[in-house]
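All values derive from a computational prediction rather than experimental measurement. All chains are named by letter (A, B, ...) in the order of the sequence lines, taking the proteins before the strands, and each is independently numbered beginning at 1. Atom set for the values below is all heavy atoms of this structure, side chains included, hydrogens, waters and symmetry mates excluded.
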There are 2 protein chains.
Amino acid sequence: MFTLSEENYLKTIYHLGLNSEIGVSTNEIAKKMQTKASSVTDMIKKLSDKDLVVYKKYKGVKITDFGRNTAANIVRKHRLWEVFLVEKLNFSWDEVHEVAEQLEHIKSPKLINELDALLGFPKQDPHGDPIPDKEGNYHPLEKKLLATLSIGEKGICIGVNDSSSEFLQFLDKQKIALGNQIKVLGKEPFDDSIQIQIANRELSVSNKIASNLYIKIHHGS
Amino acid sequence: MFTLSEENYLKTIYHLGLNSEIGVSTNEIAKKMQTKASSVTDMIKKLSDKDLVVYKKYKGVKITDFGRNTAANIVRKHRLWEVFLVEKLNFSWDEVHEVAEQLEHIKSPKLINELDALLGFPKQDPHGDPIPDKEGNYHPLEKKLLATLSIGEKGICIGVNDSSSEFLQFLDKQKIALGNQIKVLGKEPFDDSIQIQIANRELSVSNKIASNLYIKIHHGS
DNA sequence: ATTATTTTTTAGTCTTATCTAAAATAATAT
DNA sequence: ATATTATTTTAGATAAGACTAAAAAATAAT
């Protein structure tokens with residue numbers, strides 16, 4: 001078994017290394033974890049001793065298959081707990097993360113499998129992120145630009161393409177925030193504007209806006 | 001907030017001090033927590049610094065009102081999680097303790113209040129122990145050990161003294177469950193075993209068993 | 001190619017929670 | 001009342017995980 005600290009470092013390395021072939025740098029980890037590079041080096045050695053990562057001095061770390069599997073299992077627990085909090089305990093999407101950070105470290109295979117069943121084996125968490133299965137496999141998130149969605153599709157606003165302050169200020173003014181659930185109500189062929197429902201309001205946004213907003217697709221309920 | 005270790009010590013002191021006016025001794029705590037007396041002394045000082053207990057050298061500790069409240073809140077969480085595990089996640093009563101020991105340290109008032117509501121504000125955990133309310137108050141059960149009942153007395157099995165999984169599994173094997181109606185048919189002076197009627201079966205149980213089963217007495221009819 | 005800068009590692013310190021061994025105090029027995 | 005025994009505390013050590021400051025290695029700039 002691993003300590004709380006080991007699990008948190010491993011999880012960070014897992015996330016940072018997801019979309020890159022090369023190793024994750026010490027500084028990257030330190031920045032993400034709000035700690036010092038020297039602390040990271042210390043911990044990396046421990047993770048390496050436990051075969052969770054491969055470490056070469058000054059070359060960063062690469063997660064092993066074993067490490068990836070272990071990390072995916074922690075992520076699985078985190079996201080299942082998030083679903084539980086939203087679906088069963090009336091949490092809103094922005095309240096769940098902190099509590100899930102604690103719950104993800106609870107050790108009990110039976111607990112997490114039964115929880116999975118209670119929730120009806122969900123495939124995504126409240127933020128639209130995929131939930132790994134017991135083997136650590138999952139379907140990577142489908143991320144689309146709002147402009148490419150069809151009528152009826154819904155999802156969650158997760159990022160912007162153009163991160164200029166004008167655009168971000170516009171989003172603020174329209175009360176469009178990261179994490180907001182968005183549903184496409186209609187599309188206007190004349191100017192390619194899009195009618196959306198967001199946070200219980202209806203809104204029409206221009207094609208330019210819609211081409212700069214990333215949406216995580218929500219399948220099913 | 002308190003560390004995991006502090007919470008565990010406090011909980012032990014709370015339980016050990018429940019039925020006594022005098023302080024809880026260092027050795028008592030050490031024995032219960034499977035640790036050394038010197039470690040207990042160290043921790044006691046920390047708890048004292050945080051006003052959770054009153055400590056006088058060589059005189060043991062007494063829990064403060066603040067400490068009792070804090071401990072009761074941990075116990076509340078422990079027992080609510082136990083109910084959750086049994087009611088919602090198909091755990092049996094002998095499987096819940098270990099997991100609840102982990103879950104009781106999760107920090108989120110909203111989580112525990114919502115969990116309470118989800119479970120319908122239960123008053124007892126799966127072992128029959130009372131669940132403190134938010135203020136730390138609870139109604140202690142009017143209960144007797146089976147071993148102390150006289151012939152003819154009857155009641156309902158509502159709790160256990162020893163909640164080790166061996167004992168709980170034994171009860172399961174004998175099909176003795178919480179809520180079962182029990183009547184004392186006879187007592188054997190030779191070995192102090194007791195003949196009981198339970199769920200339409202007749203059964204002889206040893207004195208050791210009878211000394212670990214709590215019965216709520218059925219007065220009248 | 002040799003500086004300069006940035007990144008990473010090492011070395012040493014601190015805190016928390018544990019331990020062992022020894023000293024201090026309390027309780028018990030004669 | 002004093003000696004013996006048991007309990008509790010202190011002192012010093014260890015391991016995990018964090019830190020600071022300085023050294024070493026890699027990267028970037030001239």
Side-chain angles (χ1 to χ4, degrees), chain A residues 1-14 16-17 20-63 67 70-71 74 101-102 104-107, chain B residues 1-14 16-17 20-63 67 70-71 74 101-102 104-107:
Chain A
M1 273 307 115
F2 307 107
T3 68
L4 191 112
S5 229
E6 287 168 347
E7 290 195 349
N8 283 332
Y9 273 95
L10 183 66
K11 199 173 41 134
T12 299
I13 293 167
Y14 170 78
L16 288 176
S20 74
E21 294 303 304
I22 59 169
V24 180
S25 83
T26 304
N27 256 6
E28 252 185 296
I29 299 167
K31 194 177 169 190
K32 194 80 164 197
M33 298 202 66
Q34 313 228 67
T35 184
K36 295 297 149 71
S38 53
S39 308
V40 175
T41 302
D42 285 348
M43 180 55 80
I44 279 174
K45 288 176 185 167
K46 285 174 204 158
L47 297 182
S48 179
D49 287 344
K50 299 191 174 188
D51 294 318
L52 292 164
V53 300
V54 176
Y55 169 53
K56 279 207 207 95
K57 271 191 188 180
Y58 296 101
K59 295 293 181 184
V61 282
K62 287 189 74 174
I63 201 161
T70 305
I74 300 168
E101 284 287 301
Q102 299 178 60
E104 72 187 4
H105 301 290
I106 301 293
K107 274 137 189 102
Chain B
M1 272 309 114
F2 308 106
T3 68
L4 191 112
S5 230
E6 286 167 349
E7 290 196 348
N8 282 332
Y9 273 95
L10 183 66
K11 199 174 41 136
T12 299
I13 293 167
Y14 171 78
L16 289 175
S20 74
E21 293 303 304
I22 59 167
V24 180
S25 83
T26 304
N27 257 5
E28 252 185 296
I29 299 167
K31 193 178 169 191
K32 194 79 164 196
M33 300 203 64
Q34 314 229 66
T35 183
K36 295 297 148 72
S38 54
S39 307
V40 175
T41 303
D42 284 348
M43 181 55 81
I44 279 173
K45 289 174 184 168
K46 285 174 204 159
L47 297 182
S48 180
D49 287 345
K50 298 190 174 188
D51 295 318
L52 293 164
V53 300
V54 176
Y55 169 55
K56 280 205 206 97
K57 270 190 190 181
Y58 296 100
K59 296 294 180 183
V61 282
K62 286 189 73 173
I63 201 161
T70 306
I74 300 168
E101 284 286 301
Q102 299 179 60
E104 72 187 4
H105 301 291
I106 302 292
K107 274 139 190 98

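- Contact check, A:Tyr58 against D:dT27: no side-chain N or O comes under 4.0 Å of OP1 or OP2.
- For A:Thr41, whose side chain is taken as the heavy atoms from C-beta onward, the closest listed nucleotide among D:dA18, C:dT10, D:dA24 is C:dT10.
- With B:Lys31 contributing its side chain and B:Ala37 its backbone, the two residues share no donor-acceptor pair below 3.5 Å.
- A sub-4.0 Å separation between OP1 or OP2 of C:dT6 and a side-chain N or O of A:Asn27 is absent.
- For A:Lys45, a side-chain nitrogen or oxygen approaches OP1 or OP2 of C:dT10 to under 4.0 Å.
- Look at CD on A:Gln34: it is 13 Å from P on D:dA18, rounded to the nearest Å.
- One N or O donor and one acceptor, one from the side chain of A:Ser38 and one from the base of D:dT20, sit under 3.5 Å apart.
- Phosphate contact (OP1/OP2 of C:dT9, side-chain N/O of A:Thr26, threshold under 4.0 Å): present.
- C:dT16 atom P lies 11 Å from atom CG of B:Asp49, rounded to whole Å.
- Closest to the side chain of B:Lys57, out of D:dT8, D:dT10, C:dC19, is D:dT10.
- As a whole-Å value, the separation of A:Asp42 CG from C:dC14 C1' is 13 Å.
- Contact of the A:Tyr55 side chain with the A:Thr41 side chain is registered, since non-hydrogen atoms from C-beta on lie closer than 4.5 Å.
- Pairing for D:dT30 is with C:dA1, a Watson-Crick or G-U wobble pair whose two hydrogen-bonding atom distances lie under 3.5 Å.
- Considering all non-hydrogen atoms of both residues, A:Ile63 and A:Ile13 come closest at CB-CG2, 4.5 Å.
- Taking the side chain as every heavy atom from C-beta outward, A:Met33 and A:Met43 never approach each other to under 4.5 Å.
- Atom NZ of B:Lys31 is separated from atom P of D:dT8 by 12 Å (rounded to the nearest Å).
- Distance A:Glu28 CD to C:dT8 C1': 14 Å, rounded to the nearest Å.
- Between A:Tyr9 and D:dA18, a side-chain N or O to OP1/OP2 separation shorter than 4.0 Å is present.
- When the C1' atom of D:dT9 is taken as reference, atom OH of B:Tyr55 falls 6 Å away, rounded to whole Å.
- Residue contacts shown for B:Ser5 are limited to sugar-phosphate atoms, with no base heavy atom under 4.0 Å away.
- Nucleotide C:dA17 holds its C1' atom 14 Å from the CD1 atom of B:Ile44, rounded to whole Å.
- With D:dT10, D:dA18, C:dT18 as the candidates, the nucleotide lying closest to the side chain of B:Thr35 is C:dT18.
- Each of A:Lys59 and B:Ser25 was assigned the nucleotide of DNA chain D with the nearest heavy atom; the assignment lying further toward the 5' end belongs to B:Ser25.
- When distances are taken from the side chain of A:Lys46 to each of C:dC19, D:dA16, C:dT8, the shortest belongs to D:dA16.
- Computed from coordinates, the A:Met43 CE to C:dT9 P distance equals 15 Å when rounded to whole Å.
- A donor-acceptor pair under 3.5 Å is absent between the side-chain atoms of B:Lys32 and the main chain of B:Ala30, judged by distance alone.
- Partner of B:Glu6 under the side-chain hydrogen bond (donor to acceptor under 3.5 Å, both in side chains) criterion, out of B:Lys11, B:Lys46, B:Lys50: B:Lys50 alone.
- For C:dT16, the base has no donor-acceptor partner in the side chain of B:Thr3 [N/O atoms by modelled type, under 3.5 angstrom].
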